[in-house]
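Report on the following structure.
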Amino acid sequence: MSAIDAIHALDAIACRAETAARDGADTGRLRTTLNDEAHRIVYDQYLPGSGSGSGQDGMVQELRLISEVDLAHLVMLAERGIVDTGRVAILLDTISALRADDFAELRGMPMPRGVYLAYEGRLVERLGERIGGVLHTGRSRNDLNATTVRLKTRGPYGELLTEVAELADILLAAADVYRDVTMPAYTHGQPAVPITYGHYLTGVASSVLRSLAALLEAGREIDVNPLGAGAVGGTSVCIDPHRTAELLGFTGAAPNSVDAVASRDFVLRLLAACSTLGVTMARVARDLSTWTSEEFGLLRMADDLVGSSSMMPQKRNPFLLEHIQGRSNAALGGFVAASSAMSTAGFTNAIAVGTESVRHLWPGLRDTLDAVTLLRLVVAGAEPERERMEERAVGGFTTATYLAESLVMDGMPFRKAHHLVGETVLSALDRGVSLTEAGRERPEVAALAPGDGSSWLDPADVAAAYAYGGGPGATSTESALHRLTAELERLHDEVTARRTRWTNAADRLTTTVRALVESS
């Protein structure tokens, strides 16, 4: 480095020191602002005008979450006698005014070491150290961040829970409507046995409801209040985390300070639950994509759910199914990235856990929500082509297994029956006739035909006969729909109760803050 370069470097350091003093970045131990390039990567996401126009919203959202925790924390400090009510009331009133104005006066302020310290610095600047300086009593940014991320998760997580419940509801409703529409079940891409379209949708609903239950279970951690854990070892200030838990809509307080700030297990569990649901949705989208093709023609999509071609005028492209497949996989990528980031950190507060891993949760939740919504629309708007489905059930010899089982029930060993029916299918293929007609020419088979055998081996009748092992026959589908509907109601009630608790807590906090301010 030349002498001139060294002088410029010293000037830059001096300039940073002056800026730090002016903007409140002087922490006592650190006298300069953060390196500009590092600041851009770490903090500028919250500055007005950054990114794709969402920077201001990001900053306001962050400050709204922080200030919500502040309100609850200050109420608790006053109730416990840790800080006198007069000072707390002034802080509460000031913070409430900032929230009402969407933090307008803070949007252009420097944030040399992040949103929180800049926001706290502004409160100190306006109210003085004796009032503004008590806000952080008995807490750290570590437990504050662990709390705000849980509050932030509530919005997209609650939306996803509701949308998954709606998808399950649509699946069950469609399953009930189409439970008498006979179609082939497919294995390895080939017609297998006759089922109904309603029976297929019931199976999908079963998987979706398991995912809803898994999402509810995965989110239980976000209902535990980590506020009070401090930096990692709690605090000597006689705070009451259970009171702040109540004011913020949590169900309880974290019993261990290390776990409270070290863990973001809910991020992994939510992404894992979303990934499992995503796999189901991608598989269903593949089925529907196949069945809506011209070659299969088993389903027809509504006009407002397909796309055209810019060049080929005959096309009706079910392109939404491809979006479902694509977005269903986002959570899986997020899970891998989040778990990889977490695994680099020790079991304590760490940026790798609290920031780098958590940032993968938001796109995972958002894309899963989009995929769920699209699948709900597709299922609601897809109409089965009944005649084509039945035609493929007949042409695919889907009743062959039933025929073999009938021979078994008549006393023939299964393997022999299997071989005999296989030969009968081959004969039908060679002669271009149905399985019913080919079967009449074999004495062992023909002996099973009732009456004139005109409707013998009809796929609808065979599907109705599959009454055991969860098949579509008899009351099996009806019982399954009844059971799944009851399960959906139970899970939906839990979703509603959870979201209602969060809403009621927000209202209660507002009322409590207002009462404390007015009484002072």
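It should be emphasised that the depicted structure is a prediction, and the values quoted were computed from it without experimental measurement.
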| said: Could you measure the distance from the CG atom of N145 to the CG atom of N349? Nearest 0.5 Å is fine. | reply: 7.5 Å
| task | Using modelled atom types only, decide if a donor and an acceptor are shared between the side chain of D143 and the backbone of G228 within a distance under 3.5 Å. | result | yes
| request: Could you check if a side-chain atom of F319 sits within less than 4.5 angstrom of a side-chain atom of L305, using non-hydrogen atoms only? | output: no
| field | Which atom of G354 lies closest to which atom of S357, heavy atoms considered | value | N-OG, 4.4 Å
| field | Y119 and L98, any side-chain heavy atoms less than 4.5 Å apart | value | yes
| query | What's the spacing between D102 CG and L63 CG if we round to 0.5 Å? | reply | 10.0 Å
| field | CA sep, side-chain torsions, deciding dist, call: Y157, R498, side chain to side chain donor-acceptor pair (under 3.5 Å) | value | CA-CA 11 Å; Y157 172 60; R498 198 173 292 192; 2.9 Å; yes
| query | Do the rings of H136 and Y116 sit parallel, tilted or perpendicular, given the 30° and 60° boundaries? | reply | tilted
| said: Determine whether V83 and L74 satisfy the following criterion, side chain to side chain contact (heavy atoms under 4.5 Å, CB included), listing intermediate values before the conclusion. | reply: CA-CA 8 Å; V83 179; L74 286 166; over 6 Å; no
| query | Taking only residues two or more places apart in sequence or in another chain, which ones pass salt bridge (Lys or Arg N to Asp or Glu O under 4.0 Å) with D93? | reply | none
| query | For the atom pair CG (L227) and CG (D240), what is the distance rounded to the nearest 0.5 Å? | reply | 11.0 Å
| query | Are W291 and Y200 near enough that their ring centres are under 6.0 Å apart? | reply | yes
| remark: Residue pairs meeting side-chain hydrogen bond (donor to acceptor under 3.5 Å, both in side chains), one or both in residues 323-342, sequence neighbours left out, come to R327-D370
Please list, one pair per line, the donor and acceptor atoms closer than 3.5 Å that link side chains of residues 124-132 to other protein atoms, with sequence neighbours excluded.
{"residue": "R126", "atom": "NH1", "partner": "E105", "partner atom": "OE1", "Å": "3.0"}
{"residue": "R126", "atom": "NH1", "partner": "E105", "partner atom": "OE2", "Å": "3.4"}

| Do other residues, nucleotides or ligands put more than 12 heavy atoms under 6.0 Å from R283 CZ? | no
| task | Quick one: do V88 and V75 satisfy side chain to side chain contact (heavy atoms under 4.5 Å, CB included)? Show the steps, please. | result | CA-CA 7 Å; V88 165; V75 167; 5.9 Å; no
| request: For residues L320 and L375, determine if any side-chain heavy atom of one lies less than 4.5 Å from a side-chain heavy atom of the other. | output: no
| query | Is D84 salt-bridged to R87, going by a charged N under 4.0 Å from an acidic O? | reply | yes
| task | Any chance you could measure E487, atom CD, to S206, atom OG, to the nearest 0.5 Å? | result | 10.0 Å
| query | Which heavy atom in N142 sits nearest to a heavy atom in G230, and how many Å separate them? | reply | CB-O, 3.6 Å
| task | Check whether any side-chain heavy atom of L365 sits under 4.5 Å from a side-chain heavy atom of C274, and report yes or no. | result | yes
| request: Measure across G249 and D223 and return the closest heavy-atom pair with its distance rounded to 0.1 Å. | output: O-OD1, 4.3 Å
| field | Those residues that, when tested against H242, pass ring pair (Phe, Tyr, Trp, His ring centres under 6.0 Å) (two or more places apart) | value | none
| When you look at F347 and D259, which way does the side chain to side chain contact (heavy atoms under 4.5 Å, CB included) test go after all the steps? | CA-CA 8 Å; F347 198 74; D259 182 47; 3.8 Å; yes
| message | Quick one: does any side-chain atom of R150 pair with a main-chain N or O of A146 as donor and acceptor, under 3.5 Å? | response | yes
| note | Here the pair of heavy atoms bringing F103 nearest to R99 is CZ-CG, 3.5 Å
| query | Considering only heavy atoms from C-beta outward, does the side chain of R210 approach that of L277 to under 4.5 Å? | reply | no
| task | Check whether any side-chain heavy atom of S96 sits under 4.5 Å from a side-chain heavy atom of V513, and report yes or no. | result | yes
| message | Run T162 and R499 through side chain to side chain donor-acceptor pair (under 3.5 Å) and show every step you take. | response | CA-CA 10 Å; T162 299; R499 299 192 73 176; 2.7 Å; yes
| request: Please confirm whether the backbone N or O of G470 pairs with a side-chain atom of H199, one donor and one acceptor, at under 3.5 Å? | output: yes
| field | Salt bridge present between E494 and R220 (N-O < 4.0 angstrom) | value | yes
| remark: L209 and L491 have their tightest heavy-atom pair at O-CD1, 3.7 Å
| Where do A331 and T368 come nearest, in terms of heavy atoms and distance? | CB-OG1, 3.8 Å
| said: Return the CD to OG1 distance between E478 and T202, rounded to the nearest 0.5 Å. | reply: 11.5 Å
| field | CZ on R286 to CD1 on I324, rounded to 0.5 Å | value | 15.0 Å
| Does the side chain of I90 reach to within under 4.5 Å of the side chain of S520, using non-hydrogen atoms? | no
| task | Pick out which of T235, D70, T147, T244 makes a side chain to side chain donor-acceptor pair (under 3.5 Å) with R139. | result | D70
| Any donor and acceptor pair, going by atom type alone, linking the side chain of S275 with main-chain N or O of L332 inside 3.5 Å? | yes
| task | List the steps and the verdict of side chain to side chain contact (heavy atoms under 4.5 Å, CB included) for L361 and F335. | result | CA-CA 8 Å; L361 177 61; F335 175 83; over 6 Å; no
| task | Determine, for E217 against R269, whether the closest basic-nitrogen to carboxylate-oxygen distance falls under 4.0 angstrom. | result | no
| message | Applying ring-ring contact (aromatic ring centres under 6.0 Å, His included) as the test, list every pair that has at least one member in residues 258-282; sequence neighbours left out. | response | none
| said: With heavy-atom distances below 4.5 Å as the criterion, would you say the side chains of T348 and V258 are in contact? | reply: no
| task | Tell me, with the steps shown, if T280 and S207 meet side chain to side chain donor-acceptor pair (under 3.5 Å). | result | CA-CA 7 Å; T280 294; S207 180; 2.8 Å; yes
| query | Do any N or O atoms from the side chain of R501 and from the backbone of F250 form a donor-acceptor pair under 3.5 angstrom? | reply | no
Distance-only check: which donor-acceptor pairs under 3.5 Å involve side-chain atoms of residues 166-179, not counting sequence neighbours?
{"residue": "D176", "atom": "OD1", "partner": "R179", "partner atom": "NE", "Å": "3.3"}
{"residue": "Y178", "atom": "OH", "partner": "E383", "partner atom": "OE1", "Å": "3.2"}

| query | Is it true that a side-chain atom of R243 and a backbone atom of A72 form a donor plus acceptor pair closer than 3.5 Å? | reply | no
